[in-house]
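Report on the following structure.
In what follows, every heavy atom counts, from backbone to side chain, and hydrogens, waters and symmetry copies are set aside.
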Amino acid sequence: MRYSEFFINTLKEEPSDWQIESYSLCLRSGLIRKIASGIYAFMPLGFRVLKKIENIVRQEMDRAGAIEMLMPAMQPADLWIKSERWFEYGPEMFRLKDRSERSFCLGPTHEELITYLAFLDIKSYKELPVNLYQIQVKFRDEIRPRYGILRAREFIMKDAYSFSANEEDLDTIYNKMYECYSRILDRLNLKYFAVEADTGLIGGKYSHEFIILSNNGEDQLVYCPSCGFSANYEMAGFARADEKSQDSSVEIKLSEVFTPGTTNIKSLSEFLKVPADLIIKTMLLKDGQGTTIAVLLRGDKELNLVKCEKFIGKKLELLSESDPAGNLSIGFLGPVNLDSSIAVVADYSIKGKKNLVAGANKQDYHLTGVNYPRDFKVFQWGDFSFPAIGDLCMNCKNELKFEKGIEIGHIFKLGTRYSEKMDAMFLDKDGKLKPFIMGCYGIGVSRIMAAVVEQLFDEKGIVWPISIAPFLVNLIAINMEDESIFKASEDIYSCMLNNKIDVLYDERNVRAGVKFKDSDLIGIPLKVIVGKNYIENKKLEIETRKDGSKLSLSLEEALQFIKDYKIKNII
RNA sequence: CGGGGUGUAGCGCAGCUUGGUUAGCGCGCCUGCUUUGGGAGCAGGAGGCCGGUGGUUCAAAUCCACUCACCCCGACCA
């Protein structure tokens with residue numbers, strides 16, 4: 001591709017609204033342009049990268065036996081009403097009406113649609129299992145779009161949905177997808193973790209997230225460096241360093257203290273001069289039926305709603321103003337003499353602790369000398385908090401490590417949640433109608449682009465891995481006004497084309513420095529430079545983007561080097 | 001949704017407090033000459049209803065009200 005016939009517009013200056021390096025680089029190198037908050041255009045250069053990512057995803061999905069198709073982005077509301085997600089999904093879904101007032105949405109995901117298609121087209125176990133995928137635009141009206149295409153409102157995703165007649169086939173496909181995603185991320189040279197994860201709104205019972213490590217990531221993960229365990233921060237079970245230790249202090253008498261205005265742990269801790277880990281935090285949760293549950297936590301711990309929901313088995317909501325009766329502000333709640341209609345569950349973190357402080361269930365009063373089981377009952381003990389530094393791996397009891405990252409892929413075992421709701425059934429061997437057993441597997445294609453930049457850049461710009469670089473080689477003629485250099489570089493360019501080298505030929509009549517800077521910013525892996533040394537000694541200069549190393553080679557050698565370099569650096 | 005901030009040339013910004021020339025500067029863009037191995041120099045030039053609407057005033061980029069867009073922080077913690 002000749003530079004002058006292509007379309008590249010790099011920016012010398014930093015755009016004003018960048019928040020992280022990768023976003024700034026995507027804008028400056030002209031990969032993307034912002035159209036509105038969370039909405040971006042992929043410019044020709046970015047589009048080439050996107051296509052290459054898509055192709056890797058496509059190749060690996062095909063290799064794993066999945067079949068590509070394309071569903072509409074716009075979907076009728078009735079499918080979503082049938083699955084009951086029309087109401088569950090909330091404001092994150094873009095909704096619209098057609099001219100005759102029929103409701104539609106711009107698909108944030110495609111479970112409903114694919115399940116409907118399976119309902120239409122799959123009748124017998126003989127047609128199972130099957131794994132269908134598409135590479136599609138998705139729409140999600142994010143609370144707060146940010147970091148460019150890392151968290152956009154319109155983005156490109158590969159989503160696959162599997163249908164099988166039994167759990168074994170689902171497991172097989174799930175494992176294949178796990179391998180498939182690992183291969184994709186390996187081909188992109190990314191550092192990642194596959195962690196156990198929560199299933200969220202999509203529903204289902206078992207899932208893994210593929211997380212790319214990055215300090216700017218919005219997801220937290222924990223892992224154990226010795227046994228290889230890793231999990232989403234929210235999900236992670238853990239062992240406690242002090243779990244077994246029993247406080248052997250003498251239990252002191254329960255007494256009431258006047259603690260005006262201490263509605264949170266911090267102010268209470270300061271007021272009473274008691275460390276937060278000796279205070280019982282009492283949090284009230286309400287389920288859909290209005291039943292209230294109290295969760296007891298150590299004061300320095302945070303409530304993990306996901307774990308609570310899993311434990312209780314229902315969607316829960318936090319009460320944040322006052323108790324159900326409305327006459328006690330929430331900061332003065334405690335387990336002692338709590339309303340008996342409220343079930344009390346307690347986090348392991350307060351087990352074995354003596355002489356604690358807790359709310360007195362009386363406005364502006366707390367209790368000191370609170371002891372279990374002397375002063376209050378616990379219906380059940382459980383894990384309702386997040387792991388913290390110092391907590392141990394459940395499997396091998398070594399200390400857990402924490403990392404931040406970007407979620408790039410998510411695979412789920414859905415089971416029959418959608419097929420049941422949407423009556424998607426097949427006739428099994430035994431002649432009975434059964435709902436499809438489903439799985440779903442998503443990977444963020446456009447997000448990968450940003451995530452790769454996030455992991456692979458230096459002070460000069462992007463450092464693309466060979467597999468998705470917009471071009472492999474940047475052919476740079478040092479001075480287009482020099483007749484001999486001009487002629488030579490034209491010849492070299494056609495020679496590269498004949499050798500099917502993915503080359504960008506920068507034949508602009510600008511100074512060499514401009515071409516070098518642009519090439520580095522855009523992140524093309526190899527520069528081939530035609531200068532005086534070629535005219536005089538027939539030597540080209542080859543410079544790698546990765547480490548800046550330079551070689552002086554003849555044309556023949558250069559062509560060979562480029563081919564070898566590509567093979568060596570692509571998995 | 002709550003709090004804060006910003007809208008002036010394609011991009012980055014100054015001017016606004018204290019209203020009053022032809023609204024500036026840097027980058028980029030166009031023309032010409034020189035230059036040509038890491039974002040060149042000189043000369044000339046194009047490009048703005050100062051986010052929008054309404055008001056105050058003899059006079060508004062500047063003051064007031066409303067509105068729109070964009071950005072940041074938070075929206076789970078007793």
Side-chain angles (χ1 to χ4, degrees), chain A residues 9-20 23-24 27-28 30 33-39 90-92 141-148 234 259 261-269 276 279-285 294-309 316-323 328-335 347 357-361 366 384-386 459-461 474 476-483 485-486 506 508-522 527 529-535 540-541 543 548 550 552:
Chain A
N9 192 16
T10 58
L11 268 39
K12 208 189 274 187
E13 277 178 277
E14 205 84 66
S16 70
D17 67 344
W18 67 284
Q19 302 118 35
I20 54 172
Y23 179 33
S24 170
L27 289 171
R28 279 214 297 142
R33 273 271 112 106
K34 184 158 98 173
I35 302 303
S37 176
I39 297 173
E92 205 173 296
D141 196 357
E142 292 283 347
I143 291 180
R144 185 136 94 90
R146 60 181 127 183
Y147 303 145
E234 291 208 321
T259 52
T262 55
T263 53
N264 58 44
I265 295 287
K266 191 163 172 271
S267 57
L268 180 63
S269 163
I279 298 174
I280 296 177
K281 193 189 268 195
T282 306
M283 319 243 326
L284 291 185
L285 298 171
V295 183
L296 309 183
L297 288 160
R298 211 169 68 195
D300 58 335
K301 289 280 184 182
E302 286 188 9
L303 179 71
N304 185 325
L305 200 57
V306 172
K307 284 182 181 174
C308 294
E309 286 177 346
L316 297 170
E317 199 188 325
L318 189 70
L319 289 179
S320 53
E321 287 304 318
S322 64
D323 68 332
L328 184 61
S329 87
I330 227 96
F332 301 98
L333 283 168
D347 186 72
V357 174
N361 296 319
H366 279 85
F384 305 109
S385 64
F386 294 93
E459 66 288 343
K460 292 180 189 165
N474 195 186
I476 293 175
I478 227 70
N479 180 358
M480 293 305 285
E481 301 244 304
D482 182 319
E483 193 70 13
I485 291 179
F486 169 73
D506 193 344
R508 285 177 296 171
N509 188 15
V510 295
R511 312 183 111 229
V514 176
K515 299 186 184 186
F516 293 148
K517 293 280 186 199
D518 270 343
S519 184
D520 289 340
L521 176 62
I522 292 168
K527 286 200 274 287
I529 300 155
V530 189
K532 280 228 171 60
N533 202 20
Y534 185 74
I535 306 307
L540 290 166
E541 186 175 308
E543 186 184 317
K550 291 174 189 171
S552 190

**Request:** Could you pull out all residues at least two apart from A/Phe516 that satisfy ring pair (Phe, Tyr, Trp, His ring centres under 6.0 Å)?
**Result:** none
**Complete:** To the nearest angstrom, the CD1-P distance between A/Ile20 and B/C71 comes to 14 Å
**Message:** Taking 4.0 Å as the cut-off, does a side-chain nitrogen or oxygen of A/Ser16 come that near to OP1 or OP2 on B/U6?
**Reply:** no
**Prompt:** How far does the P atom of B/U67 sit from the matching atom of B/U18, given to the nearest Å?
**Reply:** 25 Å
**Prompt:** How far apart are the closest heavy atoms of A/Lys515 and A/Arg508, and which atoms are they?
**Reply:** NZ-O, 2.9 Å
**Complete:** Between A/Lys301 and A/Pro15, whichever has its closest RNA chain B nucleotide further toward 5' is A/Pro15
**Message:** Suppose you measure atom C1' in B/G48 against the same atom in B/A43; what distance do you get, rounded to whole Å?
**Reply:** 25 Å
**Asked** Quick one: A/Leu303 CG to B/C77 P, roughly how many Å, whole number?
**Response** 11 Å
**Integer angstrom distance from the P of B/C50 to that of B/C58** = 22 Å
**Message:** Going by side-chain contact (heavy atoms from CB on, under 4.5 Å), name the residues that satisfy it together with A/Lys532, two or more places apart in sequence or in a different chain.
**Reply:** A/Glu536
**Item:** Euclidean distance, atom CG of residue A/Leu27 to atom P of B/G10 [Å, nearest integer]
**Value:** 17 Å
**Complete:** Sorted by position of nearest nucleotide on RNA chain B, 5' first, the leading residue of A/Lys281 and A/Ile35 is A/Ile35
**Complete:** Smallest heavy-atom separation, A/Arg33 atom then A/Leu27 atom, equals NH2-O, 4.0 Å
**Item:** Spacing of the C1' atoms in B/C13 and B/C1 (rounded, Å)
**Value:** 33 Å
**Fill in**
Closest heavy-atom pair, A/Ala276 versus A/Ser269, reported as atoms and distance to 0.1 Å, is N-OG, 4.0 Å
**Message:** I'd like the P distance from B/C66 over to B/G20, given in whole Å.
**Reply:** 25 Å
**Mate of B/A9 where both pairing distances stay under 3.5 Å, Watson-Crick or G-U** = none
**Prompt:** Expressed in angstrom and rounded to an integer, what is the separation of A/Asp141 atom CG from B/C1 atom P?
**Reply:** 11 Å
**Prompt:** Got a sec, which residues hit salt bridge (Lys or Arg N to Asp or Glu O under 4.0 Å) with A/Glu483, two or more places apart in sequence or on another chain?
**Reply:** A/Lys487
**Asked** How would you list, by chain and number, every residue that makes a ring pair (Phe, Tyr, Trp, His ring centres under 6.0 Å) with A/Phe384, sequence neighbours excluded?
**Response** A/Phe311
**Asked** If the sugar-phosphate is the primed atoms plus P, OP1 and OP2 and the base is the rest, what is the B/S/- string for nucleotides 27-43 of chain B, using protein heavy atoms under 4.0 Å?
**Response** SS------BBBBBB---
**Fill in**
Under a 3.5 Å limit on both distances, the Watson-Crick or wobble mate of B/C42 is B/G32
**Prompt:** Say you pick atom P in B/A69 and the same atom in B/G52; how far apart are they, in whole Å?
**Reply:** 15 Å
N/O to N/O distances under 3.5 Å, protein versus nucleotides 72-74 of chain B:
from: B/C72; atom 1: OP1; to: A/Gln19; atom 2: OE1; distance (Å): 2.9
from: B/C72; atom 1: OP1; to: A/Gln19; atom 2: NE2; distance (Å): 2.7
from: B/C72; atom 1: OP2; to: A/Arg144; atom 2: NH1; distance (Å): 3.4
from: B/C73; atom 1: OP2; to: A/Arg144; atom 2: NH1; distance (Å): 2.7
from: B/C73; atom 1: OP2; to: A/Arg144; atom 2: NH2; distance (Å): 2.1

**Request:** Taking all non-hydrogen atoms of both residues into account, name the closest pair between A/Ile485 and A/Val530 and its distance.
**Result:** CG2-O, 3.7 Å
**Asked** So do the side chains of A/Leu285 and A/Leu303 get within less than 4.5 Å of each other, counting heavy atoms only?
**Response** yes
**Item:** Nucleotide paired to B/G37 in any strand shown, Watson-Crick or G-U, under 3.5 Å
**Value:** none
**Atom C1', compared across B/A60 and B/G19: separation rounded to whole Å** = 6 Å
**Asked** Considering only the P atoms, how many Å lie between B/G54 and B/C11, rounded to the nearest integer?
**Response** 26 Å
**Asked** At their closest point, which heavy atom of A/Lys281 faces which heavy atom of A/Gly299, and how far apart are they?
**Response** CE-O, 3.4 Å
**Message:** Checking contacts here: which listed nucleotide (B/C70, B/G12, B/C77) is nearest the side-chain heavy atoms of A/Met283?
**Reply:** B/C77
